[in-house]
Amino acid sequence: MKPYETKISIKAWAEEDRPREKLSAQGRRALTDAELLAILIGSGNDSESAVELSKRILHHYDNDLNKLAKATIAELCNFRGIGEAKAISIIAALEVGRRRSETEEKPAEFIKASRDAYNLMRRHMLDLNHEEFWIILLGQSSKVLSKELISKGGLTATIADPKIIFSIALQQHATGIILVHNHPSGNLKPSQLDIDLTKQLRSAGRLLDIQIFDHLIITDNGYMSFSDQSLL
């Protein structure tokens, strides 16, 4: 009798159990998250099949694809059997999936409510491990002129220079601005710094006849609008 082997390669599985063959025969919805991930990484390591390695990766992230989507290349490379190329494939595939979900609801060309601004910006703000500060520039009738990244920061703060913000607004002949930044912590409550900055920019905008219409704080679970909360 042959000694018991702890690892059985995917090639030795029944054909209907192999992820690629299973997808081809039964369709993509028949596969588990681990099996889909296994197709992306292609192979495991010397003690795990691709599916087993995928299960371990998913378990590390609480079987939550949203948490996995935040993983960096370096973090994924800590798993034995995952090199830079495989890590990039995982990150790219999850980003494609996220972008697809964002295109299902076409962003508005005019901002009529805070939800319109959120839909326009959320694809840029989700799954970030650092803060970013953006502005949406508006023209007549609140038509979207552009959206501009002002700064990137750390885990808890970023710098929004009023001189840069209004310089860009003046160059594009904007009549209004919506401020947008994210909170990687998931906390939708504005900090005192957020409140003070909004007041400062509103005061500066009045001098230039450029209105600050709103300030959104975005997290992975939703958003908060200063305007909706009567904080402007």
Side-chain angles (χ1 to χ4, degrees), residues 33 57-76 87 90-108 110-138 142 144 146-162 164-165 168 176-202 212-232:
D33 291 346
I57 293 171
L58 287 168
H59 177 73
H60 178 80
Y61 291 101
D62 300 323
N63 294 305
D64 187 335
L65 291 177
N66 289 320
K67 290 183 179 180
L68 177 59
K70 295 182 180 181
T72 65
I73 293 174
E75 289 170 353
L76 291 173
I90 294 170
I91 292 171
L94 290 169
E95 177 64 16
V96 167
R98 190 187 62 163
R99 293 187 185 189
R100 176 180 180 270
S101 68
E102 294 300 327
T103 60
E104 291 176 354
E105 184 176 350
K106 186 178 179 181
F110 295 85
I111 302 298
K112 300 300 184 183
S114 62
R115 174 65 62 172
D116 296 332
Y118 171 66
N119 289 337
L120 181 67
M121 293 303 305
R122 62 181 178 177
R123 65 172 291 183
H124 301 287
M125 313 298 282
L126 300 183
D127 299 331
L128 294 178
N129 293 316
H130 61 275
E131 281 201 11
E132 292 188 357
F133 196 100
W134 291 67
I135 57 174
I136 302 172
L137 297 177
L138 303 176
S142 297
V144 176
S146 70
K147 48 187 186 292
E148 307 287 341
L149 175 62
I150 300 301
S151 64
K152 295 182 180 181
L155 291 174
T156 58
T158 187
I159 297 172
D161 189 335
I164 295 175
I165 291 172
I168 295 173
I177 299 173
I178 295 176
L179 312 172
V180 185
H181 80 282
N182 65 307
H183 280 179
S185 66
N187 182 8
L188 285 172
K189 183 178 180 180
S191 67
Q192 189 59 49
L193 182 62
D194 296 334
I195 295 171
D196 293 342
L197 174 64
T198 305
K199 291 179 179 178
Q200 179 187 7
L201 292 173
R202 284 197 71 198
I212 302 298
F213 284 107
D214 204 347
H215 186 167
L216 300 188
I217 296 174
I218 294 178
T219 73
D220 289 347
N221 298 315
Y223 75 99
M224 191 282 292
S225 160
F226 275 55
S227 179
D228 292 351
Q229 299 298 319
S230 301
L231 294 176
L232 282 178

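The figures here come from the full heavy-atom set of this structure, side chains too, leaving out hydrogens, waters and symmetry mates. Since the structure is predicted, the reported quantities are computational estimates derived from the model, not experimental observations.
- If you take CG on Asp196 and CG on Leu201, they are separated by 11.0 Å, rounding to the nearest 0.5 Å.
- In terms of heavy-atom proximity, Ala71 sits nearest to Ile91 at O-CD1, 3.7 Å.
- Side-chain contact between Met224 and His183 is absent, with no heavy-atom pair separated by less than 4.5 Å.
- Using a 4.5 Å heavy-atom threshold, the side chains of Asn187 and Ile217 count as separate.
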| task | Using the side chain to side chain contact (heavy atoms under 4.5 Å, CB included) rule, take Leu68 and Ile57 through it: C-alpha gap first, then chi angles, then the decisive distance, then the call. | result | CA-CA 8 Å; Leu68 177 59; Ile57 293 171; 4.0 Å; yes
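- Here the side chains of Phe133 and Leu197 are in contact, with some heavy-atom distance below 4.5 Å.
- At least one donor-acceptor pair under 3.5 Å links the side chain of Asn129 to the backbone N or O of Lys70.
- In this structure the side chain of His181 reaches within 4.5 angstrom of the side chain of Asp194, judged on heavy atoms.
- For the pairing with Ile177, the side chain to side chain contact (heavy atoms under 4.5 Å, CB included) check across Ile135, Ile136, Ile168 returns one residue only, Ile135.
- Looking at heavy atoms from C-beta onward, Asn66 lies out of side-chain contact with Leu126 at the 4.5 angstrom threshold.
- In this structure the side chain of Tyr61 reaches within 4.5 angstrom of the side chain of Glu75, judged on heavy atoms.
- When all heavy atoms are compared, the tightest approach of Leu188 to Gly222 is CD2-O, 4.0 Å.
- Atom CZ of Arg115 is separated from atom CG of Leu216 by 10.0 Å, given to the nearest 0.5 angstrom.
- Here OH of Tyr118 is found 6.5 Å from CD1 of Ile218. Values are rounded to the nearest 0.5 Å.
- For the residue pair Ser114 / Asp228, a side-chain donor-acceptor distance below 3.5 Å is found, with atom types taken as modelled.
- Looking at every heavy atom in both residues, Ala160 comes nearest to Ile150 through CA-CG2, 4.4 Å.
- In plain terms, the two heavy atoms of Ser227 and Asp214 that are nearest each other are N-OD1, 2.9 Å.
- Rounded to the nearest 0.5 angstrom, Leu149 CG and Lys152 NZ are separated by 6.0 Å.
- Side chain of Asp220 to backbone of Asp127: a donor-acceptor contact under 3.5 angstrom is found.
- Ser151 OG to His130 NE2: the interatomic distance, rounded to the nearest 0.5 Å, is 9.5 Å.
- Taking 4.5 Å as the limit, some side-chain heavy atom of Leu138 sits within range of a side-chain heavy atom of Phe213.
- Atom CG of Leu65 is separated from atom CD1 of Ile90 by 11.0 Å, given to the nearest 0.5 angstrom.
- Contact check for Met121 versus Tyr223: no side-chain heavy atoms found under the 4.5 Å cut-off.
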